[in-house]
Q: 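Below: one structure in structure tokens.
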Amino acid sequence: MDFNVRKLASDAGILFSRAVQFTEEKLGQAEKTELDTHFENLLARADCTKNWTEKIYRQTEVLLQPNPGARIEEFLYEKLDRKIPPRATNGEILSQFMLEAAKEFGPGTPYGSTLIKVGDCQRRLGGAEREFLQASSISFLTPLRNFLEGDWRTISRERRLLENRRLDLDACKARLKKAKAAEAKAAAVPDFQETRPRNYVLSASASALWSEELDKSEQELRVAQAEFDRQAEVTRLLLEGISSTHVNHLRCLREFAEAQAMYYNQCHKYMQELQRELGRRCPDSLEVNCEPSGSPSDLLNSPSPLDSDTLQIEEVQPPASGTRKARVLYDYTAADSSELSLRADELITVYTMPGMDSDWLIGERGNQKGKVPVTYLELLS
């Protein structure tokens, strides 16, 4: 290696002198060039933006990928500039297990057929989650990371350069102050006694030297001041650009909220479809020995020899006689003309009829009438 000893010594000297400057400033023994109030406010605003952006970015990563091991793996792939391998979502993994279990138990059995239905729903939920993760990463995480790794690094570099310019300026001011004090002392009235004529010559020579040093210090101060002003202007423009960063992050935040809303809407839609499918196939009770073949009305009217083993989703006792008001809990689409379609949160009148299955009631809404599943209702006293 080729070491430049002179440059190394010069850099070490500059570092040491700046360390002395910082120490003297902390102790109040040296003057410090202060920035104007507007500039200080811009600095504080930029620091606040960086800190909160970093916290929001990290927590969003945790929200989208709770597994720290997976996050570390993705980070390493990004640093190595390699494509991240596809990873199945938890919903897709659960779907795979359910479908494999259905094959084991038999897709023709009630349990196996229900596993297939639920597993297919979990697969769609996992696909929706994957789309949400991709959309959030592109529209929200990437802009935040670009700010932290791009714009903020540029701002930090220019701020460090401004601080160095300020230290150079303060050093020039200190040298100029010292040169002025020495020149004034050398220009004081010398001793003109004839027995000591040498004093006059030495004093005049020192005065000339300090006058030359004063001119040099003033020139260095002008150069340092110009460099400091120029760097302060560059840094100020970058700091004022934080406002544009806020506008960009606001747009990204809205896109993230829209992607999240779309994801939850898809999940709600899939679960409603699954709920209706399960209610249509075996309304409100999943009987262990119910046959998947046959029409829904046959399933409803066929007696079960294992009533004691019936798995009730929700125990709701219909009224023995008379009518009652009921609030609809979920939307329900009628399977045929004998049933009544329902809308969530509406109020209907319900009653039972002799010989009717206990899982169903007769519901009325104005001139409309039909069978409704009990578990879709909240009976009001």
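Heads up: numbering here begins at 1 and tracks the sequence.
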Q: Mind telling me whether Tyr376 and Tyr332 have parallel, tilted or perpendicular rings, with 30° and 60° as the class edges?
A: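 Tyr332 and Tyr376: perpendicular rings.
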Q: Would the distance check show the side chain of Asn51 and the main-chain N or O of Asp47 forming a donor-acceptor pair, the cut-off being under 3.5 Å?
A: yes
Q: Is it the case that one hydrophobic cluster holds both Leu161 and Leu42, taking links as side-chain heavy atoms less than 4.5 Å apart, direct or via other members?
A: no
Q: Check whether the side chains of Arg222 and Gln225 place a donor and an acceptor atom closer than 3.5 Å, and report yes or no.
A: no
Q: With a 4.5 Å cut-off on side-chain heavy atoms, are Lys173 and Asp170 touching?
A: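 When only atoms from C-beta onward are counted, Lys173 and Asp170 do touch, with a gap below 4.5 Å.
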Q: Using a strict threshold of under 4.0 Å (side-chain N to carboxylate O), is an ion pair present between Glu339 and Lys371?
A: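 No, Lys371 and Glu339 are not salt-bridged.
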Q: List for me each residue that meets salt bridge (charged side-chain N to carboxylate O under 4.0 Å, His left out) alongside Asp120, sequence neighbours excluded, and say none if there are none.
A: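 Asp120 satisfies salt bridge (charged side-chain N to carboxylate O under 4.0 Å, His left out) with Arg123, Arg124 only.
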Q: Have a look at Glu158 and tell me which of Arg153, Gln231, Arg236 forms a side-chain hydrogen bond (donor to acceptor under 3.5 Å, both in side chains) with it.
A: Gln231
Q: Would Arg159 and Glu163 pass as an ion pair if we require N to O under 4.0 Å?
A: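 No, no charged N to carboxylate O under 4.0 Å.
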Q: So, Arg166 side chain and Phe228 main chain: donor-acceptor pair closer than 3.5 Å or not?
A: no
Q: For the pair Glu54 and Lys50, find out whether any cationic side-chain nitrogen is under 4.0 Å from an anionic carboxylate oxygen.
A: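 Here Glu54 pairs with Lys50 in a salt bridge, since their nearest N and O are under 4.0 Å apart.
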Q: Which label fits Tyr263 and Phe132: parallel for a plane angle under 30°, tilted from 30 to 60°, or perpendicular past 60°?
A: parallel
Q: Taking the hydrophobic residues Ile, Leu, Val, Met, Phe, Trp and Tyr, and joining any pair whose side-chain heavy atoms are under 4.5 Å apart, which ones share a cluster with Phe97?
A: Ile93
Q: What residues form a side chain to side chain contact (heavy atoms under 4.5 Å, CB included) with Leu99, not counting sequence neighbours?
A: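 With sequence neighbours excluded, Leu99 shows a side chain to side chain contact (heavy atoms under 4.5 Å, CB included) to Ser95, Ile116, given in chain and number order.
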Q: Is there a donor in the side chain of Glu100 and an acceptor in the side chain of Gln96, or the other way round, less than 3.5 Å apart?
A: yes
Q: State whether the side chain of Thr142 and the backbone N or O of Ser137 hold a donor-acceptor pair below 3.5 Å, judged by distance alone.
A: yes
Q: Test your reading of the model: is there a side-chain donor-acceptor pair from Arg276 to the backbone of Ala334, 3.5 Å cut-off?
A: no
Q: Short question: side chain of Arg365, backbone of Ser341 - any donor-acceptor pair under 3.5 Å?
A: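 Side chain of Arg365 to backbone of Ser341, a donor-acceptor pair under 3.5 Å: yes, one is there.
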